[in-house]
Amino acid sequence: MGGGQQQLQQLSQELQALDEEIEQLEGEVSDLNAEKQEMDEAIEAIETLETGSTVQVPLGGGAYLRAEVQDIDEVVVSLGANYAAEHDQSGAVETLRRKQDALDEEIAGLRGEIEGLEEESEQLEQQAMQAQQQMQQQQMQQMQQQMQGEEEDADE
């Protein structure tokens with residue numbers, strides 16, 4: 001395999017690796033956005049529920065239990081790392097909003113990474129196009145040289 005062909009193959013592999021990394025990061029962004037959406041729904045529920053409200057409590061496996069809110073100022077919010085804290089209604093909303101802000105920062109960081117990888121991918125694509133054009137030019141030159149050689153042989 002010629003040097004140009006090897007270079008094209010290497011660029012192709014690098015492009016594929018970048019595309020896979022971009023896809024993985026986009027999946028992470030999607031997961032974080034879904035988590036933010038869940039927090040939006042929780043915030044809306046906390047803000048609208050009152051003591052005595054009837055709610056559906058998920059038990060898992062698609063099963064729910066109807067329950068009555070005993071005290072809206074006893075909301076347990078996950079803090080991460082298997083820790084949770086009890087908050088009053090406004091404290092719970094504030095905690096969830098801070099968690100959303102942290103997710104926004106994480107999403108912004110991932111989007112920055114994606115942009116950098118996309119720029120790198122564009123540069124590699126340009127290099128691949130240039131390498132392919134050089135290979136085609138070399139092939140054309142070789143064909144012309146062969147044709148000239150055949151013409152000289154025919155003239156003799």
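Treat the numbers as computed from the prediction; the structure is a model and nothing was measured.
In this structure, Leu25 CG and Ile114 CD1 are separated by 5.0 Å, a value rounded to the nearest 0.5 Å. Atoms CD and CD, from Glu47 and Glu44 in turn, are 8.0 Å apart once rounded to the nearest 0.5 Å. Distance check: Asn33 CG to Glu35 CD gives 10.0 Å after rounding to the nearest 0.5 Å. A distance of 10.5 Å separates CD in Gln5 from CD in Gln7, rounded to the nearest 0.5 Å. One finds the CD atom of Gln89 at 8.0 Å from the OG1 atom of Thr51 (value rounded to the nearest 0.5 Å). Atom CD in Glu14 sits 11.5 Å away from atom CD in Gln123 (nearest 0.5 Å).
Linking ILVMFWY side-chain heavy atoms closer than 4.5 Å, directly or via other members, places Val93 and Leu103 in a single hydrophobic cluster. Residues Ile72 and Val57 share a single hydrophobic cluster, defined by chaining ILVMFWY side chains whose heavy atoms lie under 4.5 Å apart. Linking ILVMFWY side-chain heavy atoms closer than 4.5 Å, directly or via other members, places Val77 and Leu49 in two distinct hydrophobic clusters. In terms of hydrophobic clustering, with Ile, Leu, Val, Met, Phe, Trp and Tyr side chains grouped at heavy-atom distances under 4.5 Å, Val29 and Leu18 are assigned to a common cluster.
Heavy atoms only, all atoms of each residue included: Glu68 and Gly52 are closest at CG-O, 3.5 Å. Heavy-atom minimum distance, Leu8 versus Ala128: CD2-O, 3.3 Å. Between Gln56 and Pro58, the shortest heavy-atom distance links the atoms O-CD, 3.6 Å.
Put simply, the side chain of Leu96 does not reach to within 4.5 Å of the side chain of Gln100, judged on heavy atoms. Counting only heavy atoms from C-beta outward, the side chains of Lys36 and Leu32 never approach each other to under 4.5 Å.
A distance-only check finds no donor-acceptor pair linking the side chain of Lys99 to the backbone of Gly80 [under 3.5 Å].
Each of Val69, Val75, Asp73 was scored for a side-chain contact (heavy atoms from CB on, under 4.5 Å) with Asp71, with one residue passing: Asp73.
The pair Arg98-Glu94 counts as a salt bridge, with a side-chain nitrogen and a carboxylate oxygen less than 4.0 angstrom apart.
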